Amino acid sequence: MSDEELAKDLGLIPAMTIGIGTMIGAGIFVLPGEAAQGTGPIVVISFLVGGLIAMVNALSVSELGTAMPKAGGAYYYVNRALGPLFGSISGLGDWLGLAFASAFYTIGFGRYLGELVELPSILFLSNVQVGAIVAGAVFVGVNYIGAKETGGVQTIIVSILLAILGIFTIAGWFAFDWGTVSGSGGYTPFGTAELLPATGLVFVSFLGYAKIATVGEEMKNPGRNLPIAIVGSVAIVTVLYGILVTIMLGVVPWPDLDLEAPVAQATEVAFPGNYAGAAAVIMALGALLATASSANASILASARINFAMGRDKIVNDWLNEIHPRFATPYRSIIVTGGLILVFVILMGGDVKVLAEAASVLHLIVYALMNAALIVFRETEHPDYDPDFTVPLYPIVPILGFVLSLGLIYFMDTTSQILAVVFIVGAVLWYVLYARYRTPIQGVLGEYVRDRSEEMPDIAVSAAEAASPDATAPYNVMVPVSNPRTEDELVALGCTMANQKGGVVHAVHVVQVPDQTSLDYVADQIERIDDESDQLFENARAVAAEYDVDIETHTVVSHRSLEEVVDSAERLNADTVVMGWSPSRPWTSGRTGGALDELTTNLPCDFLVFKDRGFDPSRVLVPTAGGPDSDLSAEAAKALRDVHGADVSILHVVDEDTDRAKGTAFLGTWADDHGLGNATLLVETDGNVEGAIERAANDHTMVVLGATRKGLLSRLVGGSLVFDVVDEVDCSVLLAERPAKRSLRERLFGRPGVEASTETEEGEPKMESGT
């Protein structure tokens with residue numbers, strides 16, 4: 001299948017409006033009546049407590065989001081930190097929770113739409129449900145078009161909404177009466193025990209901030225914009241809730257507050273008689289915008305969670321498909337939209353059920369997310385480097401964990417049963433489906449297993465039991481760009497994959513100049529796809545000949561070589577097979593131009609092919625030992641096993657008297673590397689380069705381990721490897737295995753290499769790796 005990247009086109013304001021727009025709709029326009037009827041005036045405190053819990057969690061989301069701005073938000077953090085078992089709970093909880101919330105918002109939209117126009121009832125569906133279904137279909141369509149359009153719509157909606165609520169606040173302030181707030185029963189007519197259950201109900205109002213993190217992969221400058229958008233949106237909305245709900249209760253006595261359209265009712269009372277009707281209509285229009293923005297943003301976020309789970313194979317990666325024109329995960333959006341409509345149809349008659357279902361699922365996710373932050377910090381994971389860190393660590397994430405789970409304790413029994421049923425269902429989903437498909441290993445599981453002797457047995461057993469059964473396949477990545485040479489590269493990649501039962505990833509890296517924006521390139525995606533399709537068609541044909549699975553990926557970047565390394569890391573590649581530029585690496589602007597820089601910090605094995613025809617019938621492997629020669633042997637063994645190649649191994653010594661020692665070394669080395677049936681060649685003139693050139697005349701391919709000589713030495717003085725590549729007539733395959741090198745070694749080479757006379761075993765002089 002084809003895998004493409006999400007474009008980074010969301011700025012700070014659109015991101016913040018995703019959070020504000022999601023939160024402000026339900027809290028103000030739908031829930032005050034429902035919550036006040038069971039709590040009394042103290043419901044204002046419920047909103048503020050909900051905001052406090054949200055703020056604690058927002059700090060953790062900000063740290064995690066700046067460390068890993070990836071699609072999926074909380075799901076991604078939990079999956080990477082705690083492993084795919086908890087990742088399944090988090091991802092499914094976040095996804096279904098947002099679908100419940102979206103259904104809740106569309107019901108709210110249907111209620112206010114019914115205040116303005118006559119809606120029909122159809123079959124068993126009420127007029128409110130009919131309005132909600134129409135709204136849901138429109139919102140899904142907007143998200144289908146693209147994130148950029150969605151962000152623009154969200155900004156307009158939230159701007160108009162804040163203006164309307166500002167006018168209501170001013171008018172309500174002049175009609176406000178504290179006597180109306182306290183009423184005859186005081187501020188706590190049902191007692192303070194109802195405070196936290198009401199908080200559980202209204203917590204659905206605070207879901208928007210975490211959704212900003214789910215689109216972090218599409219944000220510009222996420223290190224700065226993500227925490228500002230998350231913390232800022234929670235602070236703004238919490239203050240607004242406190243002010244607006246207080247004014248509503250000071251205008252209309254809480255026992256009389258309308259259950260379906262409380263804000264429209266309060267507006268009619270607050271405004272002078274001549275303007276009351278018009279103001280109520282405007283407020284109803286504002287309510288439509290608010291509930292629309294909530295639903296719109298929730299669908300935007302939920303589709304990306306689904307996308308992220310598909311990418312990790314927690315759910316079927318069929319959902320990963322990116323729309324060729326709109327660059328959105330359109331299949332995820334359609335599936336999410338279908339769930340929303342089902343919830344509206346089946347549960348749309350009781351908005352309280354939808355709200356509490358969304359709240360309880362998200363509280364579970366937030367608790368796991370705080371645990372994920374602690375795991376990343378305590379294990380000192382090397383890839384965890386946040387731009388923003390929570391203050392007072394570890395108090396803040398522990399507080400977020402306790403408060404999130406603690407609030408579930410105060411929710412009604414139905415919500416608690418739903419939480420248990422959901423967790424059991426998610427665990428079963430992982431055990432029966434995802435465990436056999438996802439290759440993701442959590443940081444916590446790896447940390448415990450790596451210290452199995454120090455950890456309690458029960459912890460080690462739990463980590464092993466929760467580990468996925470699906471082992472990561474042997475991944476071979478082949479960058480393709482030239483139809484004339486890609487067949488040979490893909491054939492080499494298939495040769496390596498075939499021997500190890502692996503998968504070939506053909507990656508088309510489309511490089512564009514720095515002056516060309518990626519937004520412009522996004523408009524050319526159809527042309528790029530056509531070019532990729534042609535390359536991938538050839539690659540698939542070659543892979544079919546080898547009976548090897550192949551996946552294809554198109555990546556647009558300003559830095560093609562850096563993107564090759566990034567893609568190798570992202571795809572968890574074991575080996576990269578790439579082509580060799582005709583020119584010397586340091587004089588070429590093509591693939592070979594930055595090869596030295598790449599090889600200082602390789603993420604995996606690299607095989608670089610100088611193509612003079614792909615003929616693996618007679619393969620020559622010069623060696624003096626070392627990790628790069630180990631890789632040469634693996635490549636030669638694959639060529640022998642897959643193509644029946646005759647393999648010769650060459651070793652060079654200085655004197656004829658060293659022949660016996662050289663032969664002994666070569667025989668041992670061949671046996672150790674599974675090449676015991678190879679032809680052994682020992683040259684005694686000490687001229688490594690000349691020996692390789694002479695032997696190459698009788699072979700069709702030379703497989704060379706890369707030199708360990710440093711970058712500066714290569715640039716100034718040349719390298720044996722490059723000279724051999726130029727002098728021989730057959731194809732050359734350069735093999736280089738990752739190795740840690742100091743800065744000095746990178747600049748000047750390893751001390752003694754090429755000047756030393758013996759290997760560790762006392763073997764004769766030879767450049768390491770050849």
Side-chain angles (χ1 to χ4, degrees), residues 10 14-15 17-30 94-114 116-117 119 125 127-161 204-205 207-208 211-212 214-215 218 284-307 319 323 326-348 351 354-355 357-358:
L10 281 176
T17 55
I18 287 173
I20 295 174
T22 305
M23 289 187 276
I24 207 168
I28 298 302
F29 292 98
V30 180
D94 216 356
W95 179 29
L96 292 177
L98 278 173
F100 275 117
S102 299
F104 163 68
Y105 301 146
T106 56
I107 288 293
F109 186 94
R111 284 181 174 182
Y112 279 93
L113 186 61
L116 298 175
V117 298
L119 293 173
L125 298 175
N127 61 333
V128 171
Q129 286 171 297
V130 171
I133 290 171
V134 172
V138 171
F139 302 148
V140 169
V142 170
N143 279 274
Y144 189 97
I145 293 173
K148 187 174 183 178
E149 289 76 6
T150 302
V153 171
Q154 196 77 358
T155 303
I156 295 171
I157 289 175
V158 172
S159 299
I160 296 173
L161 187 58
V204 69
S205 311
L207 303 186
K211 306 321 151 208
I212 299 172
T214 67
V215 296
E218 301 167 66
L285 290 173
L288 292 179
L289 290 175
T291 50
S293 68
S294 296
N296 188 44
S298 295
I299 295 169
L300 169 68
S302 63
R304 276 143 185 83
I305 294 166
N306 204 353
F307 171 84
L319 296 166
H323 195 284
F326 302 122
T328 57
Y330 68 103
R331 288 176 176 169
S332 294
I333 292 170
I334 292 174
V335 171
T336 303
L339 279 176
I340 293 168
L341 296 182
V342 169
F343 293 156
V344 168
I345 292 170
L346 298 181
M347 292 177 274
V351 72
L354 292 172

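Counting from 1, the numbers follow the sequence of the chain as shown. None of the values given here were measured: they were computed from a predicted structure.
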S.K.: As an exercise, state the distance from OG1 of T106 to CG of L341, rounded to the nearest 0.5 Å.
M.R.: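 The OG1 atom of T106 sits 8.0 Å away from the CG atom of L341.
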S.K.: Can I get a per-line list of side-chain donor-acceptor pairs under 3.5 Å for residues 128-136, giving both atom names and the distance, sequence neighbours left out?
M.R.:
| unit_1 | atom_1 | unit_2 | atom_2 | d |
| --- | --- | --- | --- | --- |
| Q129 | OE1 | S126 | N | 3.0 |
| Q129 | OE1 | S126 | OG | 3.3 |
| Q129 | NE2 | V344 | O | 2.9 |
| Q129 | NE2 | I345 | O | 3.3 |

S.K.: Can you label the angle between the F100 ring and the F343 ring as parallel, tilted or perpendicular, going by 30° and 60°?
M.R.: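 Parallel, since the angle between the ring planes stays under 30°.
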S.K.: Do you know which two heavy atoms are closest between A284 and Y112, and how far apart they sit?
M.R.: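 Nearest heavy atoms, A284 then Y112: CA-CD2, 4.0 Å.
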S.K.: How far does CZ of R331 sit from OH of Y144, to the nearest 0.5 angstrom?
M.R.: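 Rounded to the nearest 0.5 Å, the CZ-OH separation comes out at 9.5 Å.
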S.K.: Do you know the tightest heavy-atom contact between A358 and G97?
M.R.: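 A358 and G97 have their closest heavy atoms at CB-O, 3.5 Å.
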S.K.: Is the centre of the F139 ring less than 6.0 Å from the centre of the F109 ring?
M.R.: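 That pair passes the under 6.0 Å test.
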S.K.: Identify the heavy atoms of S102 and A295 that sit nearest to each other, and give their distance.
M.R.: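 Result for this residue pair: OG-O, 4.1 Å.
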S.K.: State, yes or no, whether a side-chain contact exists between L288 and L116 at a heavy-atom distance under 4.5 Å.
M.R.: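 Side chain of L288 against side chain of L116, heavy atoms only: contact under 4.5 Å found.
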S.K.: Rounded at 0.5 Å granularity, tell me how far CG in L354 sits from CD1 in I107.
M.R.: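 Here the interatomic distance stands at 6.5 Å.
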S.K.: Quick one: which of V351, V204, I340, V30 gives a side chain to side chain contact (heavy atoms under 4.5 Å, CB included) with Y105?
M.R.: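 Answer to the side chain to side chain contact (heavy atoms under 4.5 Å, CB included) test with Y105 among V351, V204, I340, V30: V204.
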S.K.: Give the minimum heavy-atom separation between L161 and G286, together with the two atoms involved.
M.R.: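 Scanning both residues, the minimum pair turns out to be CD1-O, 3.2 Å.
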S.K.: How many angstroms lie between OG in S205 and CZ in F29, if you round to the nearest 0.5 Å?
M.R.: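 Output value for this atom pair is 12.0 Å.
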S.K.: Roughly how far, to the nearest 0.5 Å, is OG of S332 from CH2 of W95?
M.R.: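 The CH2 atom of W95 sits 7.5 Å away from the OG atom of S332.
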